[in-house]
Amino acid sequence: MNLSTIYEPKQVEDKIYQLWERSGFFNPDKLSKTAKKPFTIIMPPTNANGSLHAGHGLVLTIEDIMVRYKRMRGFKTLWLPGLDHAGFETQVVYEKKMEKEGRPRFKMAPEELYKEILEFTLENKKNIENQTRKIGASCDWSREKFTLDSDIVKTVHNTFKKLFDDNLVYRGKKIINWCPKHQTSLSDLEITDKEQIDKLYYLKYGPFIITTARPETKFGDKYVVMHPKDKRYKEYKEGQKIKLEWINGQVTATVIKDTAIDMAFGTGVMTITPWHDAVDFDIAERHNLEKEQIIDFQGRLLPIAKEFTGIKIAEARPKIIEKLKSKGLVEKIEDDYKHIVKTCYKCATVIEPQIKNQWFVKMKLLAEPAIKAIEKDEILFIPKHYKKISLHWLKNIIDWNISRQIVWGIPIPAKICEKCQEAVVDIGDEAEASSSPFANARVIVDMGNEAKKCKKCGGELRKETDTFDTWFSSGQWPFASLGYPNSQDYKTFYPTDVMETAGEIIFFWVVRMIMLGLYITKKNPFKNVYLHGLVLDAQGNKMSKSRGNVINPLELTDKYGTDAFRMGLIIGNTPGTSLALDENRIRGYRNFANKIWNAGRFVIANTGGCNIRKKPSLQKRDAKHLAELNKLVADVTQNMDDFKFYIAAEKLYHYFWHTFADKIIEEKKESLKSNDRKIKSSAEWLLLEIYATCLQLLHPFMPFITEEIYTNFLPNWPEKKLLIVENWPYTKTLK
RNA sequence: GGACGGUUAGCUCAAUGGUUAGAGCAUCGCGUUUACAUCGCGGAGGCUAUAGGUUCGAAUCCUAUACCGUCCACCA
């Protein structure tokens, strides 16, 4: 190894990745026949709407470590990569792009928009795949899946049909979260609470004083609600009618008593707007009250507002108050009313609750088996506290709105009667599923055409235009991506072993995968859930485009090498806690890579004739060093099995640098000069043995440099393989 | 209002009830001995947030308090 004293990652990484890809060992079918026991990780499908960020770097590194370790342990190891169309997320990204280009989205035909986003996604695909390779991910590209592949769409449709047939899906006119900017409904998880200070208005409503922060919704209010036990209002009876003067003239109010009222808030009386408030909606449902829309889906007032019709609500509010003042209906106004408003998690627009016909999944029954599985520890969470968090959420679960009014997604395979709104789920004759991923993703899913007229009323049926919440399809990813129900892969690799993803999306994704997996396959989709935290910048701030502190992982791998980048992500990062990504640390691990390189140069130069398979009788001190190494192997193996990669990596770092390089090599320099053949050969064998073993142990963490040295510079001995499929040293110590 | 975390060296974080609580970065001193200056050797830096308790033994387990953070929740 007559090479430079500096390790040059750029001259190594691409070459080595190609070597691995050509070897075929990413594919479990190409591994040794002795590899029988499967080990499976399904990669969280990458959003196909941009580039990799540091968080992806962490996902790929952690999973690659697990996968490389298990592969070396002799498992039939599958790491299945995937891409997510990421419905709403991608459409938002694309709309922003269109906005910049000055092209309004809502003027575009849905098919056109779909086509453009598909093209955009395909462009990103190559980019993302190459970046994934740069991180060193040893995933099986031959099995790559995309959430819009026709076979995936088919699985998703079948699941939807089964839910519908089992009466677990319904189409209902319920109050939903409506984003006026994006013109779609959102699930409860896609809402961000924001604290805000507004005015609180005390208004005279007949004999009552009511409080509201949203006078613009009050046009249609005709129910006045109070707590049944409120003594202040005991003279008013349920159902009692009261004539009173309101914004646009006289109205008749009806008294309603409901325990949802907080007697301590304001005056203990409120009027309700069931169309635009979830609490009010519930009250109206309980008492079977009329509901009326006041604000349209663009956020403008409807004709019920008379002279305010067509005005945006923010603009209308002060004008309405002016009118109320002129009529003497304003009692007082508080300026510092602090309250929570719901906003769209993507654009921060204030959510306007609306009543709309939407598709919902009943979650209570689906949650029960998941609760049991988690309580019985059939699924283990790392870190443990996520068990409690999941259970708490599952036990308080509410129905899930799975329909979105966006084009970029899997169409909901249903028809709806124009007349009576009866829905038919019609998955029809789908085209045969294709085995080729992504390329065959279809723009529009073929729907069966059997149902033409409504069975109930004979009315015309129209195709549903809504698409699924993207999490509805990714919630089925473990079994869908493996080709449920008939494929050999599904039979071999499901249930999977580990689901590794960001703790942030535990409700969005992980828990829903458990529910849907159990519902469809009757099996837990995975045995372990490993959740990592956020990757923050060096100052501990969340990375965001607006803050301008986004770290591009590729810049770091370029600067310091992928191996150093990976070590920087792993060491000091315990599961579940966020990690401040400090460039200085990565530089430290680049130095470590260099240490490995130079120690290699020394070992190889001084052990030329040594055959590692022929162990000489060791000097006493050397035997002690070997015993110490074996202790390290046992410890590290245990750490790997316990998912404690941060400890394993740190131990290896320390052993290699401060024990092997600093002490053992220095000590053996004398022995290597010795004329006593016994002393010399003992030292040579020991150095080579320790060095080779360290390369094996370090390989999951630092795959490039270790493979490069192991394969290209270490002497050849019988049965030596590519490091990626070399036996994990533990198997040696077992003998 | 509920739930879940966290508090350890200047900074970022480890520590599987058991020697003297460890790393990296930063810092200070010394050192070019042909594997490596992307280096080596050495040092300084801690009442492990606070107060109790359990234990032969606690950073670690329990209780309370304080502060920081995250998530969930329908107060108009």
Side-chain angles (χ1 to χ4, degrees), chain A residues 1 3-7 175 188-189 191-193 200-203 210-214 217-218 221 225-226 260-273 277-283 337 339-340 342 353 383-393 395-398 503-504 506-507 533-534 536-540 542 560-561 564 567-568 571-574 576-606 635 638-639 642 644 646-647 649-651 653-654 657-658 661-662 665-666 669 687 691:
Chain A
M1 195 156 137
L3 285 168
S4 133
T5 58
I6 289 175
Y7 169 61
I175 192 147
D188 296 277
L189 289 177
I191 302 304
T192 307
D193 287 348
L200 185 66
Y201 305 95
Y202 287 71
L203 306 177
I210 60 157
T211 45
T212 182
R214 301 198 58 196
T217 65
K218 299 274 125 188
D221 287 13
V225 191
M226 56 215 77
I261 299 296
D262 178 357
M263 288 187 268
F265 188 91
T267 57
V269 185
M270 69 174 191
T271 61
I272 57 167
T273 313
D277 186 286
V279 180
D280 296 4
F281 179 85
D282 287 344
I283 293 173
Y337 176 55
H339 67 145
I340 306 285
K342 293 173 163 190
K384 284 205 279 287
H385 71 261
Y386 276 106
K387 176 179 173 177
K388 285 188 204 169
I389 294 175
S390 306
L391 285 172
H392 185 258
W393 189 74
K395 286 177 179 172
N396 295 289
I397 201 159
I398 55 172
E504 253 188 326
I506 183 163
F507 305 137
L534 291 171
L536 310 171
D537 72 7
Q539 281 72 43
K542 197 168 171 171
Y560 300 108
M567 286 294 269
I571 294 186
N573 182 20
T574 47
T577 55
S578 50
L579 168 80
L581 188 57
D582 185 352
E583 205 172 314
N584 278 330
R585 283 225 332 273
I586 296 172
R587 196 173 27 166
Y589 296 117
R590 178 204 53 185
N591 297 352
F592 180 55
N594 206 49
K595 193 80 187 173
I596 296 173
W597 185 255
N598 282 299
R601 290 172 61 226
F602 179 83
V603 168
I604 291 158
N606 288 285
D635 283 357
Q638 186 63 53
N639 293 150
D642 294 342
K644 291 181 175 167
Y646 55 104
I647 297 178
E650 200 174 355
K651 269 184 195 155
Y653 174 93
H654 274 274
W657 199 317
H658 299 299
D662 288 355
I665 289 184
E666 291 306 319
K669 277 178 181 171
L687 289 180
Y691 189 70

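Residue numbering restarts at 1 for every chain, and letters A, B, ... go by the order of the sequence lines. Predicted, not measured: the structure shown is a model, and the values here were computed from it.
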Selected nucleotide, minimal atom distance to A/Y646 side chain, candidates B/A15, B/A76, B/C4: B/A15
N or O in side chain of A/Y691 less than 4.0 angstrom from B/A35 OP1/OP2: no
For A/K669, salt bridge (charged side-chain N to carboxylate O under 4.0 Å, His left out) partners two or more places apart: A/E666
For A/D221, salt bridge (charged side-chain N to carboxylate O under 4.0 Å, His left out) partners two or more places apart: A/K218
A/G568 to A/L579 - nearest heavy-atom pair and separation: O-CD2, 4.3 Å
Exercise: identify the closest heavy-atom pair between A/L203 and A/T212: CD1-CG2, 3.8 Å
Contacts of type side-chain contact (heavy atoms from CB on, under 4.5 Å), residue A/S390, not counting sequence neighbours: A/I374, A/F381, A/I506, A/V511
All stems with RNA chain B, defined as three or more consecutive Watson-Crick or G-U pairs under 3.5 Å: B:1-7 with B:66-72, B:10-13 with B:22-25, B:27-31 with B:39-43, B:49-53 with B:61-65
Show each protein N/O and nucleotides 21-24 of chain B N/O combination with a separation under 3.5 Å, one pair to a line.
unit_1 : atom_1 : unit_2 : atom_2 : d
B/A23  : O2'    : A/H654 : NE2    : 3.3

All N/O pairs under 3.5 Å across the protein-nucleotides 28-33 of chain B interface:
none

Touch class at under 4.0 angstrom, heavy-atom based, for A/F281 against every strand present: nothing
A/L189 and A/W393: CA distance, side-chain angles, deciding distance, side-chain contact (heavy atoms from CB on, under 4.5 Å) verdict: CA-CA 11 Å; A/L189 289 177; A/W393 189 74; 4.1 Å; yes
Ring centre gap for A/Y560 and A/Y589 strictly below 6.0 Å: no
